[in-house]
Amino acid sequence: MDKHSNSFPISHVIGFFMSLVLTFGAAWIALQSSLSMKAVMWIIGTLAVVQAGIQLYMFMHINEGDDKVTNNINIIYSAFIAVVIVAGSIWVMTSGHSH
Amino acid sequence: MGIKWNEFFVTGDPLIFASQIGIALTLVGALAGLTYFKKWNYLWSEWFTTVDHKKIGIMYILLGVVMFLRGGIDGLMMKGQTAVPENDFLNAQHYNEVFTTHGVIMILFVAMPLLIGLMNFVIPLQIGARDVAFPQLNALSFWLTVSGAALFNISFIIGGSPDAGWTSYFPLAGKEFSPGIGNNFYAVALQIAGAGTLMTGINFVVTVLKMRTKGMTLMKMPMFTWTSFITSIIIVASFPIFTVALALMTFDRTFGTHFFTISGGGMDMLWANLFWLWGHPEVYIVVLPAFGMLSDIISTFARKTLYGYKSMVISIVMISVLSMLVWVHHFFTMGNSAGVNSFFSITTMAIAIPTGVKVFNWLFTMRKGRIKFTTAMLWALAFVPNFVIGGVTGVMLAMAAADYQYHNTLFLVAHFHYVLIPGVVFPIFAGLYFWWPKMFGYMLNEKIGKWHFWLFVVGFNVTFMPMFFLGLDGAVRRAYTYSAETGFGPLMMISAVGSVILAAGFAALVYNIYWSARHADRNIGNDPWDARTLEWATATPVQHYNFASLPEVTKLDAFWHMKKNNELQPLTEDEVEEVHLPSNTWIPIYMGVVFGISGFLLVFEWTIAAGVAALGILAGLAFRSFDYDEGFHVHKDEVFETESKWRKGANKGVKNHVS
């Protein structure tokens, strides 16, 4: 991605429309569909993660500049830590102890 | 809230009464001495307000050594109590307090400050920088650590020490079973010190990523810089978990919430889960920088480039990932599902792989090297076999099924002392002997150093080896006494004798510091060990701006290649540039003081007063925001004069210190 090109910012437009689709899609599933609560939570959670990815790569310039490698490793490691702490704690605290 | 004034000072125990008097006398003596010798101004302007990474590093090391004395006395008291069956030197309550403070102090106020101190001193020099990325933040980190340490240490004379173990498991650590304020000290003091550590982590991540000198790519960094960098990343990842856990503990104890109390619908084991989510990475936080120091020391004294540099880097990165995935092995006996226990057994055993790679790399570095047996190298050599004992018993403990037998016995205690003493304390001693000349301009005496080494290593093994067997025989940890019928007596006595030898070893170090400060040769040149990394390319002791012109690096072991290729040309006047440095500031020490006062009030649950004192913290932040100090410049002439002075005499008449 060239930072200083004067061409039409196509990736921003695509990102913008995808964000709109994902947001309204999530709202529609939550408000209008007749899926179970659990299914709704999983679907809108997944959409939220996809949306976060779009924000990072299409608007927040994570793949540009001198620090792009550092930024990418940083994001992946943070996601890893978050998953370990949250999912790990839930797994450990619910799978055996007092159940 | 329920705090009785007549329980403000701890009373009724002759040992504590003696230390209260001792502390009061020492304080009065220190204050009087400083005033009499008119040293207040010197202390304030040279040390208390400094932002120089070298001075901050030295102060960290001083804090670590003083705390080592305190934690060591705790250890000796425990060994004295359990030396014979049915002993009544310490009662159960006092013993509980002693093992709790021993654990907390040794990990958080000895290992951490000593390692962070050495990191502070060495890392900017190794990467050819003039300071860390955020010098003022660095000073703040230090003063918050001091603040936390001071708060934690006064607990035994004011208010009573925490007594629920260094792990402070709920429900024991909750208000219901520990109604005193001792555990408030734990929650608040560690919170303050932890904030300081977190800032250090951020500071060193940025320093290593952004401050490296020209040509030093990531894969040309000395190994100590690499391991400190990875350690800083683990700090940033794991300390926030501890912050949250301690905050929840404070809420539970002070404001009556029920995060960890079962009666109110909380989960007691969630504390253990969060504690070890931080606590296990913490083990790697202390052990990784130590590994890095050993790598640099071994390659210096084996006079070879480190074997398998790339595999070392891959190993520490693997360790940083795996360290986040093993925490449940600390509470297998909680009674988890087979799936969870098996998963964490396997990840725990997997950590032995990168660690084993590192051990073999050290051995291969030494292979066919012309090894110089300096004191620093002796520590590194002793590390390998002793640490392997700790590591192998760790693999035994990693098996969840077998752990039910070992859990909470002295076997476990012996295991983690075999990991932490050879894995952290030995390398710290090695690092102190190795970098001492860089810090102070004279070397620690090698002969006394060898006394220190042999007493400490022999004492260590005599103290902790019997505990493996005691543990297998069923001696539980944290028990203040045992009956004669158990048959533990003889081994317990051997262990107690060992601890006295261990203490004699530490005394030899203290004597060595005193002796060398008075008598050691000051003319040692800038590179007494014939070393390999950039910190040895500048003056000894290091001038306040570190480098007159920033060195350029083309290879690993940069300084070694500079020496071999005769690239060390005398500095010409036009190469010298004006050096820009940050000014001293009073804000960090001020923040340490207000954090301490506010924390103290919070410990006593005087929440309104604590809130008022906390306004002082906001005031400090506000002052910092409006502080437009741009630092100062060291003039070219001054730089040139300093440089020619040390360079001219640098290696003239220097005796060979290493045979």
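Throughout, a chain's letter reflects where its sequence line sits, starting with A, and its residues are numbered from 1.
Of the possible polar contacts, none joining the B/Asp268 side chain to the B/Phe170 backbone as a donor-acceptor pair under 3.5 Å is found. Judged purely by atom type and a 3.5 angstrom limit, B/Asn336 uses its side chain to pair as donor or acceptor with the backbone of A/Val92. With hydrogens and angles disregarded, no donor-acceptor distance shorter than 3.5 Å links the side chain of B/His407 to the backbone of B/Tyr404. Between the side chain of B/Ser323 and the main chain of B/Pro281, no donor-acceptor pair closer than 3.5 Å is present. A donor-acceptor pair under 3.5 Å is formed between the side chain of B/Trp271 and the backbone N or O of B/Thr167.
Heavy atoms of B/Val321 lying under 4.5 Å from chain A belong to its backbone as well as its side chain. Only the side chain of B/Leu277 comes within less than 4.5 Å of a heavy atom in chain A; its backbone stays farther off. Of the two parts of B/Val328, only the side chain, counted from C-beta on, holds a non-hydrogen atom closer than 4.5 Å to a non-hydrogen atom of chain A.
Close approach to chain B, defined as a heavy atom under 4.5 Å from one of its heavy atoms, is seen in A/Thr70, A/Tyr77, A/Phe80, A/Ile81, A/Val84, A/Ile85, A/Gly88 of residues 68-88 of chain A, taken by number.
Centroid-to-centroid, the aromatic rings of B/Phe275 and B/Trp166 come within less than 6.0 Å.
Every residue was checked against the side chain to side chain donor-acceptor pair (under 3.5 Å) condition with B/Thr227, not counting sequence neighbours, and none meets it.
Looking at every heavy atom in both residues, B/Phe332 comes nearest to B/Ser345 through CZ-OG, 3.7 Å.
Between chain A and the options B/Val340, B/Leu274, B/Asn341, the largest number of non-hydrogen pairs under 4.5 Å is found for B/Val340.
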